[in-house]
Amino acid sequence: MVISPRKKLAILISGRGSNMEAILAASGDTSYPAEICVVISDNKDAGGLQTARATNIEAHAIERSDYASRADHEAAIKKAINMTRADLICLAGFMRILSADFTKAYQGRLINIHPSLLPKYKGLDTHKRAIDDGEKEHGCTVHFVNSEMDGGEIIAQEKVPVFSQDTADTLSARVLIKEHKLYSKVIADLAKVK
Ligand code: GAR
């Protein structure tokens with residue numbers, strides 16, 4: 001029997017890292033077709049870095065302020081990714097806009113999870129904006145990343161209802177539960193075909 005190796009994931013985060021944790025939990029099952037090989041954050045205080053280190057996953061803080069230019073900062077991130085020979089690069093709450101050079105370097109292998117039903121509500125404060133607009137439905141999207149912010153090809157979406165008493169926090173919590181399931185599933189699906 002030939003056992004195919006699991007695909008390697010580089011996860012880029014900026015903060016809490018709950019999506020990263022969900023992927024980590026999914027990959028705890030050895031039948032999951034991918035595993036995290038490196039976690040990179042542009043914020044040394046990101047909670048997700050501690051989680052990764054506690055699980056013996058290679059983790060790097062690569063902060064913009066330590067580099068003279070955006071290009072140098074992105075070059076350092078690329079180097080850390082490429083050293084691990086990651087197959088798929090997953091943005092999971094990575095809050096920095098990446099240059100066209102960066103996104104082109106990983107075209108078709110760079111994905112993001114965004115807390116809205118794209119193409120609606122690109123950018124920040126998606127939950128508040130959906131409530132303010134009186135949306136009855138909201139959700140999350142996993143998409144390929146290209147040079148247009150939150151504009152790459154959509155891979156999959158999950159919807160949640162918006163209730164009249166919702167605040168940005170209650171809606172965000174409902175969406176986050178869907179994010180964790182959706183991201184792990186999409187990564188598994190891509191890992192099987194890539
Ligand atoms: C998630 O809701 C993710 O969709 C969002 O940041 C949060 C990160 O949470 N990403 C974006 O807004 C990207 N534009 P996490 O750190 O707990 O995974």
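Both ligands and their constituent atoms are indexed starting at 1 by order of listing. Bear in mind that the values here come from a model prediction, so they are computed numbers and not experimental data. Quick note: numbers below take in every heavy atom, side chains included, and nothing from hydrogens, waters or symmetry partners.
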Basic-acidic side-chain contact under 4.0 Å: K120, D133: no
D189/K185 ion pair, N-O < 4.0 Å: yes
Is a side-chain N or O of [X] found less than 3.5 angstrom from the main chain of [Y], in a donor-acceptor match?
X    : Y    : value
T141 : L118 : yes
R129 : D132 : no
Y32  : S184 : yes

Starting from [atom], what is the nearest protein heavy atom, named by residue and atom, and what distance separates them?
atom                    : value
atom 15 (P) of ligand 1 : S18 N, 3.4 Å
atom 9 (O) of ligand 1  : R16 NH2, 3.1 Å
atom 5 (C) of ligand 1  : P115 CD, 3.8 Å
atom 14 (N) of ligand 1 : H114 ND1, 3.4 Å
atom 8 (C) of ligand 1  : G93 CA, 3.6 Å
atom 16 (O) of ligand 1 : G17 N, 2.8 Å

Can you tell me if I113 contacts ligand 1 (heavy atom of the residue under 4.0 Å from the ligand)? yes
Determine, using heavy atoms of M95 and all atoms of ligand 1, whether some pair is separated by less than 4.0 Å. yes
Ligand 1-proximal atoms of E179, by part, heavy-atom distance under 4.0 Å: side chain
Can you find a pair of side-chain heavy atoms, one from L24 and one from I11, that are under 4.5 Å apart? no
Before giving the answer on side-chain hydrogen bond (donor to acceptor under 3.5 Å, both in side chains), spell out for H143 and H114 the whole-Å C-alpha distance, their side-chain angles and the decisive distance to 0.1 Å. CA-CA 8 Å; H143 63 94; H114 182 75; 5.6 Å; no
